[in-house]
Amino acid sequence: MVTVKAGLKKKLVKEIKVDVDKCTGCRSCEMACSAFHAVPKYSSLNPARARIRVVIDESRDIYVPIRAGEYTQAECTGRNIYTIHGKEYSECSFCPACCPSRDYFKEPDSGLPLKCDMCEDEPPLSEPMCVQACQQDALTYVEREELVEEQKPEVKLEEMEIVFEALVKKHGKKKVMDTFTRLSKS
Ligand code: SF4
Ligand code: SF4
């Protein structure tokens, strides 16, 4: 039996390793993600709804899959440019934010933010759908355990709160509250 020292706890870390040199920009990962998250499941394909997007610049042989992370109201005031093995990448090529500077990770109809949930499901998938869809092995899934210090539970925003915040930013609090009131009466 493994004994965990007092004050430490085991945490399961889920990772998707991305090999940009293997990615061909086929975008199968986007299709698979959008199908898995369609309601009902697999009822539609729409890469614009995917929680993974591939930054593609064919002229510079750049293909970088990025998964949707946190929603942010403001874009960065500047950009870093990285040169890796002779190729120039904007930091946005690696950034997972749902940000006003681009259309990624927003519901196309409503503009509401999308976030990767590692394909949580019941029963759990053996591997996330984007990894299963990638025929080039550009995406590989790894699970490992890490010992971390026990901390007080963080106050985390629920998905509903993030969506509410985005709606208020877009339409104003009064309009959102009026709509909720109207819907709750109908
Ligand atoms: S892990 Fe699942 S939710 Fe996240 S990008 Fe891949 S397919 Fe989409
Ligand atoms: S499925 Fe694989 S090769 Fe195709 S775009 Fe996605 S990561 Fe790249």
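Computed over heavy atoms, backbone and side chain alike; hydrogens, waters and symmetry mates excluded. What you see is a predicted model; the values in this text were computed from it and never measured. Note that ligands are numbered from 1 as they come in the structure, with each ligand's atoms numbered from 1 the same way.
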Trainee: Between R67, K14, H37, flag the one that comes closest to atom 3 (S) of ligand 1 by a heavy atom.
Mentor: H37

Trainee: Hey, are H37 and D117 close enough side-chain-wise for a donor-acceptor pair under 3.5 Å?
Mentor: yes

Trainee: Determine the interplanar angle of the F94 and Y82 rings, folded into 0 to 90°, and report it as parallel if under 30°, tilted if 30 to 60°, perpendicular if over 60°.
Mentor: perpendicular

Trainee: What protein heavy atom sits nearest atom 4 (Fe) of ligand 1, and how far off is it?
Mentor: C116 SG, 2.3 Å

Trainee: Short list, please: which atoms of ligand 1 are under 4.0 Å from a heavy atom of C119?
Mentor: 1 (S), 2 (Fe), 3 (S), 7 (S)

Trainee: With C29 as reference, evaluate V131, I16, L139 under the side-chain contact (heavy atoms from CB on, under 4.5 Å) test and give the passing residue.
Mentor: L139

Trainee: Can you give me the closest heavy-atom contact between L125 and C119, atom names plus distance?
Mentor: CD1-CB, 3.7 Å

Trainee: May I have the step-by-step check of side-chain hydrogen bond (donor to acceptor under 3.5 Å, both in side chains) for D57 and S59, ending in yes or no?
Mentor: CA-CA 6 Å; D57 182 345; S59 62; 2.6 Å; yes

Trainee: Which of the protein's N, O or S atoms come within less than 2.8 Å of atom 2 (Fe) of ligand 2, not counting waters?
Mentor: C134 SG

Trainee: Can a donor-acceptor pair be found between the side chains of E91 and Y89 at a distance below 3.5 Å?
Mentor: no

Trainee: Ligand 1 versus D117, non-hydrogen atoms closer than 4.0 Å: side chain, backbone, both, neither?
Mentor: both

Trainee: Quick one: nearest non-hydrogen protein atom to atom 8 (Fe) of ligand 1, plus distance?
Mentor: C33 SG, 2.3 Å

Trainee: Does T72 have any side-chain contact (heavy atoms from CB on, under 4.5 Å) partners at least two apart in sequence or in another chain, and if so, which?
Mentor: A97, C99

Trainee: When rounded to the nearest 0.5 angstrom, what is the spacing between CD1 in I81 and CD in E88?
Mentor: 6.0 Å

Trainee: Do P113 and K106 touch side chain to side chain, with heavy atoms closer than 4.5 Å?
Mentor: no

Trainee: Below 4.0 Å, non-hydrogen atoms only: which portion of P128 touches ligand 1? Side chain, backbone, both or neither.
Mentor: side chain

Trainee: Closer than 4.0 Å to some heavy atom of R27 - which atoms of ligand 2 meet that?
Mentor: 4 (Fe), 5 (S)

